[in-house]
Amino acid sequence: MALIEELEKVTDAVRQAIDEVNRPIAQQLALKVKARNPAIADAVAVEVAAATLEVADKHCFPNWWVTSTADPDLTKDLLMMVATKFSAAGLLTADAMGFIGTLVRTLRRRRYQPRAESAAGSPESGDASAD
């Protein structure tokens, strides 16, 4: 019985991973925002996701995900952006750096490329319109 429950958990985790890969990155980020604060309005979650991508566009460069070079500045600017533009959203309560880390990990997993790069036709683009 315990084995069946574990297999069901693994199956659910695989389904969630597949669903995440198939979502546009902006939607993934908005869902992370909603998971952080379920009471937040959908429109605000979308705004936070769009602002996250704007910050990422400034720090991410081709193949940035294979090095940690962009991480400190990206993390700092994401934290500042959320703290200044979305302070009322309640996203930085408790484990604020954990939430910012979630955003960075999502960008890294999707191998996000700046939208300026994607306009040039990058095949691995993380741009929401290319997904």
Side-chain angles (χ1 to χ4, degrees):
M1 192 63 141
L3 181 60
I4 291 172
E5 289 176 11
E6 283 301 312
L7 286 172
E8 287 174 352
K9 288 179 186 176
V10 169
T11 302
D12 287 342
V14 169
R15 282 187 188 128
Q16 288 175 357
I18 290 170
D19 288 346
E20 183 172 325
V21 168
N22 291 327
R23 277 189 204 105
I25 192 164
Q27 184 182 10
Q28 284 182 5
L29 292 168
L31 288 172
K32 300 290 183 192
V33 171
K34 287 291 283 185
R36 176 70 173 172
N37 182 358
I40 199 169
D42 290 347
V44 174
V46 168
E47 287 177 33
V48 173
T52 298
L53 293 177
E54 286 178 25
V55 170
D57 285 346
K58 296 175 187 171
H59 295 286
C60 298
F61 49 86
N63 297 323
W64 71 275
W65 54 85
V66 297
T67 178
S68 61
T69 304
D71 289 7
D73 290 335
L74 176 59
T75 299
K76 179 184 74 139
D77 284 357
L78 285 173
L79 180 62
M80 293 304 296
M81 178 271 300
V82 173
T84 56
K85 291 184 179 179
F86 302 100
S87 59
L91 298 171
L92 297 181
T93 58
D95 184 16
M97 292 311 294
F99 172 65
I100 298 299
T102 297
L103 298 177
V104 172
R105 281 189 303 279
T106 300
L107 292 166
R108 184 177 294 284
R109 262 195 318 271
R110 288 299 302 270
R111 296 181 174 190
Y112 179 74
Q113 290 292 314
R115 287 178 271 193
E117 291 286 327
S118 65
S122 174
E124 290 184 322
S125 170
D127 187 7
S129 63
D131 282 344

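Hydrophobic cluster membership differs between V55 and V46, with clusters built from Ile, Leu, Val, Met, Phe, Trp and Tyr side chains linked at under 4.5 angstrom. No continuous path of hydrophobic side-chain contacts links V44 to M80 [ILVMFWY only; heavy atoms under 4.5 Å].
Separation of atoms CD1 (I25) and NZ (K32) is listed at 10.5 Å; rounding is to 0.5 Å. To the nearest 0.5 Å, atom CG of residue L74 and atom CG of residue L79 are 11.0 Å apart. Put simply, CD on Q28 and CG on L103 are 11.5 Å apart, with the number rounded to the nearest 0.5 Å. Note that CD of E54 is 8.5 Å distant from CE of M81, once rounded to the nearest 0.5 Å.
Nearest heavy atom pair, residue N63 against residue Q113, reads N-NE2, 3.6 Å. Contact between D71 and W64 at its shortest, heavy atoms only, is OD1-CZ3, 3.7 Å. The nearest pair of heavy atoms linking R108 to V66 is NH1-N, 4.1 Å. For A56 against Y112, the heavy-atom pair with the smallest separation is CB-CE2, 3.7 Å. Between L78 and V104, the shortest heavy-atom contact is CD1-CG2, 3.7 Å. Closest of all the heavy-atom pairs between A49 and A26 is CB-O, 3.4 Å.
Annotation: side chain to side chain contact (heavy atoms under 4.5 Å, CB included) contacts of L91 (sequence neighbours excluded): V33, R36, N37, I40, V48, V82, A89, F99. Annotation: salt bridge (charged side-chain N to carboxylate O under 4.0 Å, His left out) contacts of E5 (sequence neighbours excluded): none.
Under the side chain to side chain donor-acceptor pair (under 3.5 Å) criterion, the residue pairs touching residues 74-96 are H59-D77, with sequence neighbours excluded.
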Give the C-alpha distance, both sets of side-chain angles, the deciding distance and a yes or no for side chain to side chain contact (heavy atoms under 4.5 Å, CB included) between W65 and R105. CA-CA 9 Å; W65 54 85; R105 281 189 303 279; over 6 Å; no
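Using a cut-off of 4.0 Å between Lys/Arg side-chain N and Asp/Glu carboxylate O, D73 and K58 are scored as not salt-bridged.
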